[in-house]
Each structure stands twice: as structure tokens, then as C-alpha cells.
Amino acid sequence: MQYKIIPVTPFQQNCTVFWCDETKQAAVVDPGGDVEQITTFIDGQGLTLEKVLLTHAHIDHAGATKALATHYRVKVEGPHQEDKFWIDLIPMQKERFGFAHAEAFDTDRWLNQGDTVSFGNIELEVYFCPGHTPGHVVFFHRESKLAQVGDVLFRGSIGRTDFPKGDHATLISSIRDNLFPLGDDVRFIPGHGPMSTFGEERRTNPFVGDGVR
């Protein structure tokens, strides 16, 4: 499996294109905006987009979902159903944050803990990790020990929990109980900023590290 991080929107959100080496079939995780940047990369690499995957439904992660899915005529999978209210609020988020082309959309499949999503010969495991939003999910490729964690965990930080239906204790539990057990050597792509590993965050993260109680 290969991947390319494409920072999009004024929030520099890490939209990620994953693709299968063998089939050139791809999935885009969290297309928040700047559709032309995403399509230019997909088409330039000769990839076939198979689906759009969402970790959660904040506008900087999901704003261009409808445009991209319509452009390629593909299905949308994710997030968990608890984030439906955020999808419904995209028109309001659009006005507040000035996202000119964001639209609400219908997901084709809500995701839950233990589900898998696939494209080409690649399979990603789904982990339900609420706290930042109530319906946040994480995607994990076990073979390459790579996770796309959205806004759950960052290098040296964690996701905000002051949005509607956010919860700090739930977020901490999601990280410690659902992500860290995957292994210290797991690299992760956060929703914003540089990559890190679960081991590094266990050692040094001031919010959720092993020394924090």
C-alpha cells in the first residue's frame, strides 16, 4: 500500500490518498476541500478511485466529500452514525468558516468498531474512537503498521473536545484503550500536522502519555 498526504483547506487538514500497488485502486480519506488538488494527484498517478472514507464529519475533513464522490461516481463509507448531525450541519459550518463549495451528503455505509473497508487488495481495519466527535473512527493498515487517526491524536497533542458532543474522558479512553494497544511501532497520520508513532506519544505526549494520569 502506498499513500500521499495532501494538506487541504485553510486548516491544512491532512487529506490522504491510499492506493494498492497491484491494482492502482485507491481510497481518499477526509477530503475536506481543494478538490482540484486531490483529483490532479489521483489522475496524475493513474489511479482509480474506488471510495471516499471519512474519519469524522467536521467540515475541514468532509466538506468536499459530495463533490469528490460525484466526480468519480464512488461511494462514501464512514464515519460512525453518531456523526450524522455534523453532516447535517455542513451548510451552517460552510457559512461560519467560509467553505464555498462544501455540501451535505449521504454516506453509503456507517462504520463501527470491528468493521473493515477495502480497495483493490488492501483492507483497513476500523476502530471506533469517539471523543473529538461522537462518531469518529480510525483506519488501520495492519500489514504496514500505519493508521489514519483523524483528529483523535496528534504529535504532542490530542483532539479538541469543546465542540458539541465532544468529551475529554471519552477521547482519552479511545486513545489508550483502542489505539495504543495496536503497538508502539505503529506510525500514524493525524488530521493536521506531522506524523508520529503511538510509542512516541506514549512516552512524550503531555495529554495522554504513560506518565499522565
Side-chain angles (χ1 to χ4, degrees), residues 1-79 83 86-87 90 93-94 97-103 105 107 111 117-120 122-124 126 129 132-133 136-141 144-157 159-160 186-197:
M1 184 182 75
Q2 301 292 326
Y3 69 92
K4 172 69 174 180
I5 298 170
I6 305 174
V8 297
T9 83
F11 294 94
Q12 289 293 282
Q13 190 276 123
N14 288 332
C15 171
T16 310
V17 181
F18 291 102
W19 70 94
C20 171
D21 276 327
E22 297 171 344
T23 66
K24 300 298 183 183
Q25 290 179 293
V28 172
V29 180
D30 289 359
D34 298 327
V35 174
E36 287 188 3
Q37 289 188 43
I38 303 169
T39 59
T40 296
F41 179 80
I42 291 171
D43 298 343
Q45 294 293 317
L47 304 176
T48 300
L49 189 67
E50 190 171 336
K51 60 187 61 174
V52 175
L53 304 175
L54 298 175
T55 63
H56 65 295
H58 282 165
I59 194 167
D60 57 324
H61 290 254
T65 297
K66 185 170 184 177
L68 195 67
T70 300
H71 180 80
Y72 288 106
R73 298 181 181 178
V74 298
K75 292 186 176 181
V76 178
E77 298 188 7
D83 260 23
W86 276 118
I87 297 174
I90 281 179
Q93 296 182 66
K94 171 181 174 179
F97 295 108
F99 280 61
H101 304 295
E103 296 179 78
F105 57 89
T107 190
L111 296 176
V117 296
S118 61
F119 51 94
I122 302 297
E123 183 176 89
L124 304 179
V126 176
C129 294
H132 176 67
T133 69
H136 201 300
V137 298
V138 164
F139 300 105
F140 178 53
H141 187 239
S144 58
K145 296 183 178 180
L146 178 69
Q148 221 298 359
V149 303
D151 285 355
V152 172
L153 180 67
F154 302 103
R155 182 176 179 180
S157 189
R160 292 174 58 176
V186 172
R187 298 171 300 142
F188 69 87
I189 303 167
H192 308 262
M195 294 177 63
S196 184
T197 67

Quick one: pull up [atom1] in [X] and [atom2] in [Y] and give me the separation to the nearest 0.5 Å.
X      : Y      : atom1 : atom2 : value
Arg187 : Ser196 : CZ    : OG    : 11.5 Å
Phe41  : Ile6   : CZ    : CD1   : 5.5 Å
Glu50  : Thr23  : CD    : OG1   : 7.5 Å
His58  : Asp151 : NE2   : CG    : 7.5 Å
Ile59  : Thr9   : CD1   : OG1   : 9.0 Å
Glu36  : Asp43  : CD    : CG    : 11.0 Å

Donor-acceptor under 3.5 Å ([X] side chain, [Y] main chain):
X     : Y      : answer
Glu77 : Val117 : no
Lys51 : Ser118 : yes
Thr48 : Gln25  : no
Asp83 : Ala57  : yes
Gln93 : Gly63  : no
Gln13 : Asp60  : yes

I'd like to check [X] versus [Y] (side-chain heavy atoms, cut-off strictly below 4.5 Å). Are they in contact?
X      : Y      : value
Val138 : Leu153 : no
Val126 : Phe139 : yes
Met195 : Ile5   : yes

message: Students often mix this up, so state it plainly: with edges at 30° and 60°, are the rings of Phe18 and Tyr3 parallel, tilted or perpendicular?
response: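 Geometry flag for Tyr3 against Phe18: tilted rings.
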message: When you compare the side chains of Thr55 and Asp30, does any donor N or O come within less than 3.5 Å of an acceptor on the partner?
response: yes
- prompt: Could you go step by step and tell me if Ile42 and Val28 meet the side chain to side chain contact (heavy atoms under 4.5 Å, CB included) rule?
  reply: CA-CA 9 Å; Ile42 291 171; Val28 172; 3.7 Å; yes
Residues Val186, Phe140; criterion side chain to side chain contact (heavy atoms under 4.5 Å, CB included); working and verdict: CA-CA 9 Å; Val186 172; Phe140 178 53; 3.8 Å; yes
query: More than 12 foreign heavy atoms under 6.0 Å from NZ of Lys94: is that the case here?
result: yes
- request: Starting from the C-alpha separation in whole Å, work towards a yes-or-no answer on side chain to side chain contact (heavy atoms under 4.5 Å, CB included) for Tyr72 and Thr39.
  value: CA-CA 9 Å; Tyr72 288 106; Thr39 59; 3.4 Å; yes
Shortest non-hydrogen separation from [X] to [Y] and the atoms involved:
X      : Y      : answer
Pro10  : Phe99  : CD-CZ, 4.5 Å
Val35  : Ala67  : CG2-CB, 4.0 Å
Ala62  : Ile90  : O-CD1, 4.3 Å
Gln148 : Asn14  : NE2-O, 3.3 Å
Arg155 : Pro194 : CD-CG, 3.7 Å
Val137 : Pro79  : CG2-CA, 4.3 Å

- request: Please step through side chain to side chain contact (heavy atoms under 4.5 Å, CB included) for the pair Phe105 and Leu54, ending with a clear verdict.
  value: CA-CA 12 Å; Phe105 57 89; Leu54 298 175; 3.4 Å; yes
message: Can you confirm whether or not the ring centre of His192 sits under 6.0 Å from the ring centre of His61?
response: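 Yes - the distance between ring centres of His192 and His61 falls below the 6.0 Å cut-off.
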- prompt: For the residue pair Phe97 and Phe11, is the inter-centroid distance of their aromatic rings smaller than 6.0 Å?
  reply: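 Centroid distance Phe97-Phe11: below 6.0 Å, so yes.
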